[in-house]
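Reading through the structure tokens given below for one structure.
Here is how names work: the chains are called A, B, and so on, in the same order as the sequence lines, proteins then strands, and each is numbered from 1. Owing to the predicted nature of the structure, the values given are computational and were not obtained by experimental measurement.
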Amino acid sequence: MTYTEYKQPLDYAKLATDVRAYWEANGIFEKSVSSRDGQPTFVFYEGPPSANGQPGIHHVMARAVKDIFCRYQTQLGKQVPRKGGWDTHGLPIELQVEKELGITKEDIGHKISVEEYNQRCRETVMRFKAQWDELTQQMGYWVDLDDPYITFEPEYIESCWALLKKLYDKGFLYKGYTIQPYSPAAGTGLSSHELNQPGTYKDVKDTTVVAQFKVVRDAASEKLFEALEAEKVDVPVSVLAWTTTPWTLPANTALAVGNNIDYVLAVTENQYTHEKIAVVAAKKLLDKLVAVPNVTALTKQFSSDPLVIDPLKTALAIVEAARPKIIAEFKGKDLVGIHYERLFGTEAGFPHFEGEENAFRVIPGDFVTTEDGTGIVHISPTFGADDFRVAQLNNIPALMLPDKEGTLGPIVDRTGRYVAQMGEFGGRWVKNYDGHDQSGADYKTLDESIAIRMRTNGTAFKTEKYEHTYPHCWRTDKPVLYYPLDSWFIKTTAVKDRLIELNKTINWKPESTGTGRFGNWLENLVDWNLSRSRYWGTPLPIWRTQDRTEEICIGSIAELKAEIDKAVAAEVMTHNPYANGEKVDLHRPYVDDIFLVSPSGQPMYREPDLIDVWFDSGAVPYAQWHYPFENQEKFAKNFPADFIAEGVDQTRGWFFTLHALAVMLEDSVAFKNVIANGLVLDKEGNKMSKRLGNAVDPFETIAKYGPDATRWYMIANSSPWDNLKFDSAGIVEAQRKFFGTLFNTYSFFALYANLDRFQMGEKPSVPVAERTELDRWILSKLQSLLAEVRGHFDSYDPTKAARAIQDFVADQLSNWYVRLSRRRFWKGELTTDKQAAYETLHECLSTVAQLMAPIAPFFADWLYGNLMQPHPPTPSPMGEGEPNDFETSDNVRSISAPLPRRGGAGGGAESVHLTYLAEADTTLIDKALEERMELAQRISSLTHSLRKKSVLKVRQPLQRILVPVLNGSTKEQVSKVEDLICAEVNVKHVEFLDDTSGVLVKSVKPNFKRLGQVYGPRLKAVGARIQTLSPDELSQLEKQGELAVEVEGETLTLHLDEVEIRTQDLPGWLVATDGPLTVALDVTLTDELRQEGLARELVNRLQNLRKDSGLEVQDRISVALAASAPAELHAAVASFGNYIREEVQALRLEFVPEVAGGAVLEFDDFSVPAKVDVVTA
RNA sequence: GGGCUUGUAGCUCAGGUGGUUAGAGCGCUACACUGAUAAUGUAGAGGUCCCUGGUUCGAGUCCAGGCAGGCCCA
């Protein structure tokens, strides 16, 4: 059996497609699930993508994160079913269809039937499914594509209906209103999309009013009045608020301030009534509110008045009198709770309303600014979305009035005029929606009439015309009204506390998204607005009688059919469209044509809304199984999820709807662990967009670099929750540094394993305890790595896992273990030591394959397969072409029979993804060994540095290095790795210098951390004293463990653990230091060393010659050198001939008078003609 | 405007609970090493740790305020 050898460079993309073909042919994904039958389940929910657009590179990132943890949990032995799914409803699809058909929402039902329209949506939404599926497979995202849930299918919708009914039965579903853009002239609500049409925002000149809201004196406002009394001022106090829509003032029920905004209480005068008053307004805006006359202009005016003696003085006096006098300052939060009098009260003929007693208070509002106005915002909950929201949060009622039928509504009717109860203004148009004549001289708009009334009764502080932009209906060109429109809600606020409580049990990555973004959102939760006025989506299954007294919520298709039968019996419907086994389509328009009959015999009509698409996706845990109609046990087993992952933009989307529905329906979390990943930006940090042309094509990227390096880069570069600046240079780096190194390490293994006919057995044949220091070290490191990586994966941190694996492979395995082990592999027969080396390296590589498998699934499986399933020997194992050449062969490994499991790490070699990841074997972890190997690495590094300084090539052997040691344990540690150091840096001995040598020069450094705790403020003086300790003092401190010193006239006792003593110098030697380590290099060259150095030079030249001549590693040669070579070379060959012959696999090495047709070996000081011939056996 | 988040070398990123000389990789320069290695080693250049203030004997790290970028929401 031979291990497959590959030509390089490796084609990573080809490798992946080959592995993919192998997976598909052998059903590896299916086996990765089925082989865990009966094991505990790791539950994962796939957040459904929408297939109406092409996938982008960020999808590779998001799905890599999902894939990693599913694969990892499979390796832990869990069963991880992964049902795919598609999100198919929603506005983006409708817009796309409208764009393609060149129609608008208005045309639906006219130019195109709802039926046709929805049919188009259905076709459009899956348009790019094939591309998505292809990407899924190319990137190696394992998810069940064959049996996905699709949100438009009747079963899925039926499940949603069942959930809605459950909510309905619990009383969580109610009809209320939200404030939406509304066009009275068109009689219709406008979507934000419609509002974003060009030209909708126009400059208009409106009458604006700064209104005075008279403060009621009570406990909350007492501080204002006390401040006034302190100044001996006795005037009424008003809060000022500015509005550009005076017609909303009669609907005012609250005033909002910014908690941290500075406000002042100032005394001034009402410019219309000339009454002296105190007002509250933002400090920053006070000057803009009160018109103070201009001094210069006044002075000039008075100059021409003979009655004025001192024009300037008079002017100044007037200005001073006009300037408001600031009495006190307050923060917004100090004003919260103050009550004020209703502006348009019942005494003036305006009606009472429900909840009135809770109205007319100052409340905090997070949207309040000091950009313009007064810094205090007038709140009319029926005419502003913000207003509505803060009113709800602060339990402020909306001003609603009953109509003839007793139904409550706002003070403006749907046509845009005041309702009749509005006293003197009853029936007036809010804006000119009917196109009435405005040309009369006495004509006043409603805003103007209101302003005039307020001026006369002293409630207007200021009125003026003001130009600003305002949205207009794109169809009628009339101003848009923000208006309460009917809407169905889910009463999420009813379970707010529970939502918050359960959220605390979820493991969020990063944590801040859970506590901050999500947690704060829950704290400020409002009810979930479920209604959408659209066509393509899940219909709201509620039917109502016209008088709204009776209604029914349908929870299943069966229930609907039964209700239809009743309706047919009552002759409300002529026939049951779903009666005779026809395919049930629950979409519009079909459901709209269904009328039901109420218990009292009245017809019931469906509420025309669709539900929010986020309900669809929040229903995934239930509806993906068509629960509760089917799969009860499956649902129970797969709820809640152990893990989900999506973009952070889903926080208020999918993450919320999953959580909200789970809490309301099951009183449970929907997921236990969640990764909210960041954005994928371009390499400059800009958002990718097709428009800017900086979007990265995932297919191109995968084709160019392969999926493994792409995934590795994305995961290793930065944590998933940080934004990723995508730069393909990073993929190249991952490829070179990690995959390249790993591939080379494998190639090294395969090359020599095949030469030695090494075969990894079922169990290692050499007990670990009997292996060399180096073997035990790398195995210790490997087990440490295993523990570390498992820890990172367990805590959902794939980045740290990837980095740990990468460092192990590059720094420890390749650059230390293999580097120092090479000679063991080259030499001689297959000894026990060699066997141990192969087994060690095999163990390392196969474990690395397992650890990296979740992140780089193709490469890992390729590597694992190569290690576990060597090929049968082929006639020409090293020959050109197949099967060693990845490039040219169709080298999908031929796998006839899977190898048996190997030990704990096994699990079937058919694929690394079917294996079980072992627990780290802590008995193999030897921290002391790891420490001394680090010492060896650092000493080697210092020695290299010294060689560099002395210009002595590594090839030149040197006698010794000197290592000062201050304690016995360091000496013991280093001596155990002495051989390795010597081999690595090419010296003969390591000599230790201990304290008794008397040549060490020590330095002492304060241990600030310890000293700081003891001496605090005196640390500086103590530290300075320590640095001036004499050698005698130092040795006393060392011997006795403490030393009395005088610092600033005080005697202190220093302890040994308060300083760090290290050797610094060896007089007369060139030294290098690294923290506590010091190394000196003996650079004395003897003749023998020189000769050996030259022998090594010769070996190097001959090896290069072999290589250049295209010889194979195992070829034996004969070497002829020109006899004309200098005497030193002759001497070197004479002394080290055996060594040279062995190194270069030479059977003969001799000097000849003439070298014909050979090469010339270049040395530093001379050159020698030489010839190398292959000796055939 | 609000919530959250980020700011460390030219680039990408590390830097438990504060400790005096702030690190790695890439890139750049020079030299070396190599019969696995497009790998690697050594050395060099490259930093107002975003700014300001505070706490402290001591701040990249803690606190406050700002600035700049990002996401979500208004």
Side-chain angles (χ1 to χ4, degrees), chain A residues 5 8-9 258 365-371 385-386 389 510 512-521 523-524 647-653 676 678-679 681 683 685-687 713 716-719 721-725 727 729-730 732-733 735-737 740-752 799-800 803 806-807 810-811 814-816 818-819 822 825-826 940-949 951-955 984-986 1005-1013 1015-1023 1072 1075 1099-1100 1102-1104 1106-1107 1111-1114 1143-1145:
Chain A
E5 294 169 40
Q8 53 171 319
D366 56 15
F367 49 85
V368 178
T369 72
T370 52
E371 288 302 302
D386 268 338
R389 186 171 52 85
S512 60
T513 299
T515 54
R517 189 181 281 216
F518 195 66
N520 290 347
W521 151 255
E523 297 284 347
N524 292 304
V648 66
D649 53 336
Q650 295 291 332
T651 308
R652 296 179 186 191
L679 269 66
L681 308 167
K683 66 175 173 180
N686 301 310
K687 208 171 172 174
Y713 158 70
N717 186 68
S718 55
S719 292
W721 39 89
D722 290 330
N723 289 349
L724 172 70
K725 290 185 195 168
D727 185 356
V732 175
E733 192 184 324
Q735 221 171 42
R736 280 221 323 253
K737 201 170 161 44
T741 305
L742 189 52
F743 168 67
N744 288 325
T745 306
Y746 167 75
S747 297
F748 174 85
F749 168 80
L751 176 66
Y752 288 101
T799 303
K800 284 192 171 144
R803 288 176 179 171
Q806 188 167 288
D807 290 348
D811 297 341
S814 172
N815 275 322
W816 194 253
V818 174
R819 184 181 162 86
R822 278 176 301 185
F825 293 97
W826 297 345
S940 299
S941 166
L942 289 170
T943 310
H944 276 132
S945 168
L946 288 169
R947 278 182 170 274
K948 159 87 181 156
K949 275 183 199 144
V951 198
L952 284 164
K953 293 180 178 179
V954 178
R955 233 176 262 133
E984 170 64 12
V985 301
N986 197 15
K1005 200 180 141 205
N1007 180 341
F1008 286 100
K1009 196 166 186 172
R1010 277 209 85 88
L1011 287 167
Q1013 287 158 7
Y1015 295 106
R1018 288 186 296 168
L1019 176 107
K1020 262 189 181 136
V1022 177
V1099 168
N1100 169 259
L1102 290 172
Q1103 296 286 35
N1104 287 342
R1106 283 184 59 123
K1107 209 174 179 181
L1111 300 190
E1112 297 295 343
V1113 177
Q1114 69 275 28
E1143 287 293 307
V1144 302
Q1145 304 275 307

Under 4.0 Å between any heavy atoms, over every strand shown, what does A:Tyr752 touch: base, sugar-phosphate, or nothing? Just pick one. sugar-phosphate
Under 4.0 angstrom, heavy atoms only, what part of the nucleic acid is A:Gly1012 near: base, sugar-phosphate, or nothing? base
Closest nucleotide among B:A39, B:G19, B:A36 to the A:Asn744 side chain: B:A36
Mind checking side-chain contact (heavy atoms from CB on, under 4.5 Å) for A:Asn815 and listing every partner two or more places apart, or none if nothing turns up? none
Set out, line by line, the N/O atom pairs under 3.5 Å between protein and nucleotides 30-34 of chain B.
unit_1, atom_1, unit_2, atom_2, d
B:U34, OP1, A:Arg955, NE, 3.4
B:U34, OP2, A:Arg955, NE, 3.0
B:U34, OP2, A:Arg955, NH2, 2.2

Any residue meeting salt bridge (Lys or Arg N to Asp or Glu O under 4.0 Å) with A:Asp386, in chain and number order, not counting sequence neighbours: A:Arg389
Where along nucleotides 10-15 of chain B does protein come under 4.0 Å, by heavy atom, of base (B) or sugar-phosphate alone (S), with - for untouched nucleotides? --SSS-
Could you let me know what B:U17 is paired to, Watson-Crick or G-U wobble, both distances under 3.5 Å, or none if it's on its own? none
How is A:Glu733 classified with respect to the nucleic acid when contacts are heavy atoms under 4.0 Å: base, sugar-phosphate, or nothing? sugar-phosphate
The side chain to side chain donor-acceptor pair (under 3.5 Å) partners of A:Arg819 (sequence neighbours excluded) come to A:Glu984
Picking from B:C73, B:C71, B:A36, which would you name as closest to the side chain of A:Ser814? B:A36
Starting at CD of A:Glu523 and ending at P of B:G3, how long is that distance when rounded to a whole Å? 14 Å
Quick check on B:A43: is either OP1 or OP2 less than 4.0 Å from any side-chain nitrogen or oxygen of A:Ser945? yes
Using the salt bridge (Lys or Arg N to Asp or Glu O under 4.0 Å) criterion, which residues pair with A:Arg736? Sequence neighbours excluded. none
Short side-chain N/O contact from A:Ser941 to OP1 or OP2 of B:U42, under 4.0 Å: yes
Look at A:Arg736 and B:A39 and indicate whether a side-chain polar atom (N or O) is within less than 4.0 Å of OP1 or OP2. yes
Rounded to the nearest 0.5 Å, the CZ atom of A:Phe749 sits from the CD atom of A:Glu5 at a distance of 10.5 Å
